[in-house]
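This report concerns only the one structure given below.
No experiment lies behind these values; they were computed from the predicted model shown. Numbers restart at 1 for each chain; the letters A, B, ... are given by sequence-line order, proteins then strands.
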There are 2 protein chains.
Amino acid sequence: MRELPARRDLIREGDKPKSVNLVLEGWACRYKQLPNGRRQTVHFFVPGDLCDANVFILGEMDHSIASITPLKYAEIGPADFEALMAQSAEITRALWLNELVNAAVAREWVANVGQRTALERIAHVFCEMFIRLSSLGLSDGDSCDWPLTQTDLADATGLTAVHVNRTLQDLRGRGLVRTSGRRLVVPDLDALKRISMFNPNYLHLNRQSPGTR
Amino acid sequence: MRELPARRDLIREGDKPKSVNLVLEGWACRYKQLPNGRRQTVHFFVPGDLCDANVFILGEMDHSIASITPLKYAEIGPADFEALMAQSAEITRALWLNELVNAAVAREWVANVGQRTALERIAHVFCEMFIRLSSLGLSDGDSCDWPLTQTDLADATGLTAVHVNRTLQDLRGRGLVRTSGRRLVVPDLDALKRISMFNPNYLHLNRQSPGTR
DNA sequence: CGTCTGATTGAACTGATTCAACGGATGTGG
DNA sequence: CCACATCCGTTGAATCAGTTCAATCAGACG
């Protein structure tokens, strides 16, 4: 069990991973940084998410993980992790599922950044996070926690913070989202899904057993 | 063992996957199509690649797979696949590695499409494919097979075919690549890597045992 | 209070798109 | 062997979505 303040690296690209991390409280992100300084966030982690199951199969990290909010997480060492895998076929299956969903999310993000307009991209991120949080029981009706700054959103969508700001105003103007402080309100999820062409199939939520979380 | 002509869907989004496919000859791609018709390619498969290891854990496909060239591939049913997994820890490990690398590639593509310029993106695709093919012994000195049309490249990079065309002319003008027919020539791989900020770490090639291929 | 971080605004600019046309190579059927 | 169709690459001109740079504003916090 460990804690980390907001905006700190948990693991950096190039490091040799020594453990699997399970997020208990707070948000984190996976990101890649190019030599020219530009940064791309490729995943957001919320409570219950496993960062990099089985990474010790790989030699070194090809991306970094950083906290967004203050973070509480559990560190699971290779030995414990292997033991967990050996314990039951159910758990192994759940870990496979976790990794397959991870890959599916990454692919969806490629399509998001590659094919959607700024408005659609941002709306898509809202959809994904709201739906993921809801499936974990971490939403409250039409609202959920929202610790992301506009710069965070920019890094995730491949846009500039300035343009994210303008696009958010558009989304708010259309009544699709409201953000008050650290909270996101989605008055009409269906409308948001429609405008962002959101298809939840890639999250494979129906397959997720409670044990996976 | 099966064959498929060029430009045909092998599996479509929404289908229930019934088998794992191993590409034996030719190129294929994984793609996602948005309701508005825009298409994003998220992976290229070359001989030796396993498409969607263990997908039967998931309920339905969240993307499609299509042949680019005429294709020869092996279909491995769930039973055979499970047997393979059970057979040895080595194989299980190799399958894990395969899936982890797949996810890593997808993440790199997010960064590619999200942060790189048109020139860098296209150069990056050239680097990735040339290096992957080389590691499989499928390149010949500074050249390799290149069955992708400019439209294929456009779908993979989130650009239009028109802009890919212009950018290719730029790349050729700088002497970074040559394309003659179905062949790609990379006279100076280091220069190409430099301009595309290519870091091969995400391919985890050093970890790939011959058995994985 | 001052300082810091994050949100907001304006104006000029540019990388990439769009649309429409054309050229060349390849293949096919009569 | 020619006529025709198709696929792919190429070009030009106009337009636009998103960037850049720079300044301002608002709230939080010691």
_Regarding B:T117, tell me which of base, sugar-phosphate or nothing describes its non-hydrogen contacts under 4.0 Å with the strands shown._
sugar-phosphate

_Counting the atoms with a prime plus P, OP1 and OP2 as sugar-phosphate, which does A:R172 contact under 4.0 Å by heavy atoms, base, sugar-phosphate, or nothing?_
sugar-phosphate

Considering only [options], which nucleotide approaches the side chain of [X] most closely?
X: B:T149; options: D:dT20, D:dG9, D:dT10; answer: D:dG9
X: A:R166; options: D:dT10, D:dG18, C:dT9; answer: C:dT9
X: A:L159; options: D:dG9, D:dT19, C:dT18; answer: D:dT19

*Give me the one residue out of B:F130, B:F198, B:W109 that meets ring-ring contact (aromatic ring centres under 6.0 Å, His included) with B:H124.*
B:F198

Roughly, in whole Å, what's the span from [atom1] in [X] to [atom2] in [N]?
X: A:Q115; N: D:dG18; atom1: CD; atom2: C1'; result: 16 Å
X: A:H163; N: D:dC16; atom1: NE2; atom2: C1'; result: 11 Å
X: B:Q150; N: D:dT11; atom1: CD; atom2: P; result: 10 Å
X: B:R116; N: C:dA16; atom1: CZ; atom2: C1'; result: 18 Å
X: B:R38; N: C:dA16; atom1: CZ; atom2: P; result: 13 Å
X: A:D170; N: C:dT8; atom1: CG; atom2: C1'; result: 15 Å
X: A:L153; N: C:dT8; atom1: CG; atom2: C1'; result: 15 Å
X: A:D155; N: C:dG6; atom1: CG; atom2: P; result: 12 Å

_Check this one for me: any side-chain N or O of B:Q169 less than 4.0 Å away from OP1 or OP2 of D:dT11?_
yes

*Would you indicate, yes or no, if C:dA7 has its OP1 or OP2 atom less than 4.0 angstrom from a side-chain nitrogen or oxygen of A:N165?*
no

_CD (B:E60) with more than 12 external heavy atoms under 6.0 Å_ = yes

*Using a strict 4.0 Å threshold on nitrogen-to-oxygen distance, state whether A:D170 and A:R174 make a salt bridge.*
yes

*asked:* Within the structure provided, determine whether A:W146 and A:L133 are in side-chain contact (heavy-atom separation under 4.5 Å).
replied: no

*Using modelled atom types only, decide if a donor and an acceptor are shared between the side chain of B:R116 and the backbone of B:S196 within a distance under 3.5 Å.*
yes

_First of B:R7 and B:V162 reached from the 5' end of DNA chain D, by closest nucleotide_ = B:R7

